[in-house]
Amino acid sequence: MSQVKQVGLLAAGCQPWNKDVCAASGDRFAYCATLAIYVYQLDHRYNEFKLRAIMSEHKKTITAISWCPHNPDMFASASADNLVIIWNVAEQKVVARLDSTKGMPASLSWCWNSGDAVAFVSHRGPLYIWTISGADSGVAVHKEAHSFLSDICLFRWHPRKKGKVVFGHTDGSLSIFQPGCKSQKHVLRPESLEGTDEEDPVTALEWDPLSTDYLLVANLHNGIRLVDSESLSCITTFSFPSAAASVQCLAWVPTAPGMFITGDSQVGVLRVWNVSKTTPIDNFKLKKTGFHALHVLNSPPKKKTFLAQSPTKNHHISSTSEAVPPPTLTQNQAFSLPPGHAVCCFMDGGVGLYDMGAKKWDFLRDLGHIETIFDCKFKPDDPNLLATASFDGTIKVWDINTLTAVYTSPGNEGVIYSLSWAPGDLNCIAGATSRNGGFIWDVKKGKMITRFNEHGKNGIFCISWSHKDSKRIATCSGDGFCIIRTIDGKILHKYKHPSAVFGCDWSQNNKDMIATGCEDKNVRVYYLATSSDQPLKVFTGHTAKVFHVRWSPLREGILCSGSDDGTVRIWDYTQDACINVLSGHTAPVRGLMWNTEIPYLLISGSWDYTIRVWDTRDGTCLDTVYDHGADVYGLTCHPNRPFTMASCSRDSTVRLWSLTPLISPLQINILADRPWEEIIGNTDRAMEPGAPPLLCGKVSRDIKQEVDKLSNNLRSKKLRWFSECLSPPGGSKNLWDLVAVLKGQDDSLLPQNYCKGIMHMRHLVRFKTSKAQELTTVKMSKFGGGIGAPSKEERLKEAAEIHLRLGQIQRYCELLVELGEWDKALSVAPGVSMKYWKKLMQRRASQLIEEENDDVIPYCIATGDVKKLVNFFTSRGQLKEALLVAQAACEGNIQSNHASVTAVSPTDGNNIEDYNELLHRVSAELAEWYFQDGRAVLAACCHLAVDNIELAMANLIRGNELELAVCVGTVIGEGAAQATQYALELLARKCMTVTTWDLATDLLRMIPDNELFLVKLCAFYPGCTAEINDLHSKCNLPSIEECSQLAQSSCEEGDIFQAVKYYLLSAEPENGLPVGISYVKEQISSSDWTLDSICPILDLLSYIRTERLVLHKCSEVRNELLILCGYIGALLAIRRHYTSIVPALYEYTSQLLKRREVSVPLQIEQLSVELDAWRACTLSNNKSSDDLPYKPPTEMQRKIYSSIVEKIKEEPIKGLIGPDYVTGSNLPSHSDVHVSCLTGLRIQGPVFFLEDGKSAISLNDALMWAKVNPFSPLGTGIRLNPF
């Protein structure tokens, strides 16, 4: 099983070089980065778009994508290596591929008129048509579309007129072909170009969906025209507000006849037009950078309908109903904006989905790299900020908790190969470029402050700022020099190499020592304190160029180097020798990173797309990670969070990984409160071959010092500090803050960024109020606040919104008045008092009444209708808003007594208990949203915020965050005891492997009533007799011999459970099998058995030592045990709502019944009848509108299902109901594709391999399976251990 866990993915941006790089269909849209296609899908439950799949089949730049017009699951894509691929989104696999197309397919499109055919064209033509399936499959050439005089920019089939197609050329002309008509080549050039040979490429072309002949054309310089393809005349030329505006993309709006939109290419202005008007109807500035591509969704995504609380009222308008005055419209609003959604791609790689009707972003991914990311580094004084350097000429700084860009460098630097943060809190980054030398960028001020050009126009491959002496910066370049200079440019040393230098690294122990990697295959070490320019040491051994070098942070004099020969070498400077060669990569090695806590752990990234984790003591590869879609260049981690690694790649993504599973025993030593020497050690001890991992770095020593200073509550502080250091970002800090609040810690000790996360309910309103005040008073700083800083208006608006949600209505009105929104202020004013409202009326400036759907919010707050408002927010997926309102209501800030107009009947019961229930309901919804997004820790935060410890713990366990669950549960104490015990039991199962039996014992001993757990552990332990007896005495259990006697006497007394227990602990545990199994069979044959009467014995039996269970003489009882565990597992899965594995468990049980000779009281028919009944009855509870035609369950099925439910009884720990979903389950796999042997579908998220090493299932399914049926799905009798 993969040890390294993916915990975050920063998707690439949309490429700005090719034309057709975004496409949409139904509730999906896709955009092309340079090497991969990202597919987003609408999650109807939460009304938001989520990354669903990454298609990374192309190895060269993708040139175009086209969605199949008649099958929403398929799209075609083309790339620069002459390849066309048809991809099925639902199944995430290639359906067909066409290699070596003649010429590069620069533009491609499905043929609208024929079933499965895709047309593509290279720059000069001809047009090829590839029929994918059917009798005449293959590639044909279009009869007329060839021998053009000018390159083709793009082409479009007519969606309705069969076979009609238009081409746009670089000289500004069009060519139009249709069957049965004379072909028109190079017609309709813009008038101003007639008779000249100037170029004015066609940048966009779209047929009018309502006509057979009209066509919109955009030329780069000549703007937009509506032309008639029959009479070859121009009907309308559209004019822009300024001559400088140019357009490269346009799209018709299918829901509004005659309307189209355009995006300016200089600055992000979206313009809305109607063909009947030559000027735009409306303009919105959406972004600072210009548009690259636009695509309007055909059917706007289906919104959830918002149902008012009282569906009976307001439906009938009678003659006495109040009249509703029609809103007065401005000239432009008469062309009201259509309810359309536009996929917008921008020049800087940003991608968004804009809702034109509501004038807001439904989804926006601002800024992504659009090309190879060569380097990434964490900020020395902030483990939450990560900088990346890319081929696209920018450095971007990301907040890794939210995965959003916080700063971006000005750009236009050519290619940036390397970056290095200034030490400490200097807030500067040094960058190295391919042509423009080096630079220092001041991140906060956003400008370049220094440039270095000693290497001339030669590429600088590596730049390194010394962290021991902040005045020195080293660069190495293709000119063969490694130059050391001061930050103001004074050259200190110039070290000449025989050829290009690719990498350099400052020693972590000696500020005057630097190592370099060179094209001549050698590693050199220089000593700056001497005046000599000769190296102190030269290490030879690599058989190809050396790229990166890295000094070990923990072992003095040790460094590693990565080379194009595919190996990593470890050198010992003090011995002048290579002490290890790590081979395994099949291509050049690029990224290199030592762990800052475990001295032997080294990680490398390569052009073979993999990341490898090495134990440098003996050179073994501990894990290989296959999930990047291209070459891996940069690897980095922050010393304060030593087990969270970031990697970057040619696939333009940044990924975050947790390395904590690699040191699992260490984590458990901390939980089990083992002595310090089993947690923290010195380097020599940790480097001994086979020694368990020990922490040897600074952060662990700091924690130990802090713990040693404490006089009370040592354990909880120690657990918290280690947990924060070992956990990846994504909520663990937030969780610990909430635990502290729960334990009654003083609020003044809460960290500053507490208010940015999920706050405890008692702080929510208070913090938001102070935030609103801050927003009102804050003056804009000179430099603004990072990317897209809000203006004064935006700040006031935000402040007003917060005051409103806190029930402070008068302050809200005043702020609105300041913003000039009188009418809104007036409509809410009576909520303060009629007097105040009259006063406002006098101050009123005459304004028009606007209709905005969000107006429901102030009305609800003023009349105290909290429920309606919470439902409104929830229905739109705005769960955080709903939570805030519910909390404010609980604190009594929202009163219902203003509502003098409508009498409130006492049954509405708007009282505090109601509100509390509402608050819990909304918190639970928000938690569920985080949980199904693969963020179990944040889900647990939502529950803790409303003091629901049970559900918080359950979320951690269902997310398989077992270590965190035990830490938190131990600190919380009593309230979490039951869940903590379950987590300890699962964690002990994880430790029941070769090296960690003693840890399993320690964990089980932390459970108060632990005898039975220890019995299971001893029964499963595979040692020799002496070792087993030793473990027995450790666990206070009788010796093997005594157990045999006790088993016999229990048998005679008829105490089945005790008999089985002692047999399992004896020398011949297999004797217990027939005893236990015949009891279970007897039970099942009776009519009134329940799970609770059978599970304890089956569970006990399943702990028989594997090597005894698989003995030939046991085959019959073994098969019976597997079948019974499978069937009972299916029922347990029904009890826990593990919907995805219930059918698999039934199927597994029937297969075993079919294939193996057994006598158990179960029939295959009975199993399939039960499964059908379960399907029918559970489907009726949660049927969704768009499923297959729904058949209600028959009377018989209802009866069978209710008898199942009777046997099942209740789940003892409430919160554990529902599927498991581990961190990273929502991250689509990029290049590492596996198909589940349980479902036959491609596995999304982490994969678990079964014991044959080939069969794979998803980790989530494996965890659920192991919790209800301990044996492997392959039916071998081997226990499953996915924890």
Side-chain angles (χ1 to χ4, degrees), residues 417-420 422-423 430-440 450-552 556-564 569-578 592:
Y417 284 131
S418 167
L419 69 89
S420 182
T433 71
S434 59
R435 304 290 307 261
N436 302 336
F439 59 80
I440 297 179
T450 312
R451 289 195 179 271
F452 306 123
N453 43 22
E454 306 90 339
H455 297 284
K457 286 273 175 225
N458 294 296
I460 301 178
F461 296 110
C462 183
I463 189 159
S464 184
W465 201 316
S466 166
H467 281 218
K468 291 244 177 256
D469 176 352
S470 58
K471 293 199 174 51
R472 300 197 289 205
I473 293 181
T475 51
C476 41
S477 156
D479 61 7
F481 282 101
C482 171
I483 295 180
I484 319 283
R485 68 180 67 64
T486 61
I487 42 178
D488 43 22
K490 180 176 156 229
I491 293 186
L492 302 172
H493 296 273
K494 228 175 157 175
Y495 295 125
K496 175 135 185 61
H497 293 63
S499 48
V501 198
F502 293 107
C504 64
D505 193 40
W506 293 94
S507 160
Q508 313 239 3
N509 298 305
N510 183 335
K511 72 175 172 55
D512 290 325
M513 212 173 262
I514 192 167
T516 63
C518 174
E519 190 161 20
D520 72 350
K521 311 174 191 170
N522 293 336
V523 174
R524 293 173 173 75
V525 176
Y526 292 91
Y527 189 54
L528 276 69
T530 62
S531 55
S532 156
D533 60 357
Q534 288 309 304
L536 207 52
K537 293 271 161 73
V538 179
F539 293 116
T540 56
H542 280 298
T543 56
K545 77 177 183 214
V546 177
F547 207 84
H548 275 315
V549 283
R550 289 277 182 271
W551 291 92
S552 161
E556 198 160 347
I558 301 284
L559 76 155
C560 66
S561 57
S563 154
D564 279 16
R569 283 178 176 254
I570 315 286
W571 312 91
D572 185 337
Y573 169 81
T574 53
Q575 295 175 24
D576 272 5
C578 171
L592 281 176

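Counting begins at 1 with the first residue of the sequence.
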Asks: Tell me every residue that passes salt bridge (charged side-chain N to carboxylate O under 4.0 Å, His left out) with Asp488, counting only those two or more places apart in sequence or in another chain.
Replies: none
Asks: Under the rule for side-chain hydrogen bond (donor to acceptor under 3.5 Å, both in side chains), what residues qualify as partners of Arg435, not counting sequence neighbours?
Replies: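 side-chain hydrogen bond (donor to acceptor under 3.5 Å, both in side chains) check on Arg435 returns nothing, list empty.
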Asks: Write down the atom of Gly437, the atom of Ile460, and the distance for their closest heavy-atom approach.
Replies: C-CD1, 3.4 Å
Asks: For residues Val523 and Trp571, report the shortest heavy-atom separation together with the two atoms involved.
Replies: CG2-NE1, 3.9 Å
Asks: Side-chain contact, heavy-atom cut-off 4.5 Å: Ser561 with Val549?
Replies: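 Yes, their side chains come closer than 4.5 Å.
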Asks: What's the separation between atom CG in Asp479 and atom SG in Cys482, rounded to the nearest 0.5 Å?
Replies: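 Atom-to-atom, Asp479:CG and Cys482:SG are 10.0 Å apart.
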Asks: Rounded to the nearest 0.5 Å, what separates atom CG in Leu592 from atom CG in Leu559?
Replies: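 One gets 10.0 Å once the value is rounded to the nearest 0.5 Å.
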Asks: Using a distance-only test with no angle check, is there a side-chain donor-acceptor pair under 3.5 angstrom linking Asp572 and Thr574?
Replies: yes
Asks: Once ring-ring contact (aromatic ring centres under 6.0 Å, His included) is applied, do any residues pair with Phe502, and if so which ones, sequence neighbours excluded?
Replies: Phe461, Phe547
Asks: Would you please name every residue forming a side-chain hydrogen bond (donor to acceptor under 3.5 Å, both in side chains) with Thr516, sequence neighbours left out?
Replies: His497
Asks: Is there any ring-ring contact (aromatic ring centres under 6.0 Å, His included) pair reaching into residues 474-494, and which pairs are they, with sequence neighbours excluded?
Replies: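 Listed once each, the pairs are His493-Tyr495.
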Asks: Would you please name every residue forming a side chain to side chain contact (heavy atoms under 4.5 Å, CB included) with Leu492, sequence neighbours left out?
Replies: Arg472, Ile484, Thr486, Lys490
Asks: Partners of Ser420 by side chain to side chain contact (heavy atoms under 4.5 Å, CB included), sequence neighbours excluded?
Replies: Ile463, Trp465
Asks: Which distance, rounded to the nearest 0.5 Å, do you find between the CG of Leu528 and the CG of Asp469?
Replies: 9.5 Å
Asks: What salt bridge (charged side-chain N to carboxylate O under 4.0 Å, His left out) pairs are there with at least one residue in residues 492-510, not counting sequence neighbours?
Replies: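 Salt bridge (charged side-chain N to carboxylate O under 4.0 Å, His left out) check on residues 492-510 returns no pairs.
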Asks: May I ask you to check whether over 12 heavy atoms, not counting those of Glu519, lie within 6.0 Å of atom CD?
Replies: yes
Asks: Testing the basics here: between Cys504 and Arg550, what is the closest heavy-atom pair and its distance to 0.1 Å?
Replies: O-NH1, 4.4 Å
Asks: What distance separates Thr433 OG1 from Asn458 CG, expressed to the nearest 0.5 Å?
Replies: 10.5 Å
Asks: For Lys468, enumerate each residue passing the side-chain hydrogen bond (donor to acceptor under 3.5 Å, both in side chains) test, keeping only those at least two apart in sequence or located in another chain.
Replies: none
Asks: With sequence neighbours left out, write down each residue that passes side-chain hydrogen bond (donor to acceptor under 3.5 Å, both in side chains) with Glu454, or none if nothing qualifies.
Replies: Arg485
Asks: Please name all residues satisfying salt bridge (charged side-chain N to carboxylate O under 4.0 Å, His left out) with Lys521, sequence neighbours left out, ordered by chain then number.
Replies: none
Asks: Within this structure, what is the OG-CD1 distance for the pair Ser466 and Ile514, rounded to the nearest 0.5 Å?
Replies: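 So the gap between those two atoms works out to 8.0 Å.
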Asks: Quick one: pull up OH in Tyr573 and CG in Leu536 and give me the separation to the nearest 0.5 Å.
Replies: 4.0 Å
Asks: Can you list everything that forms a salt bridge (charged side-chain N to carboxylate O under 4.0 Å, His left out) with Asp564? Sequence neighbours excluded, please.
Replies: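 With sequence neighbours excluded, Asp564 shows a salt bridge (charged side-chain N to carboxylate O under 4.0 Å, His left out) to Lys545, Arg590, given in chain and number order.
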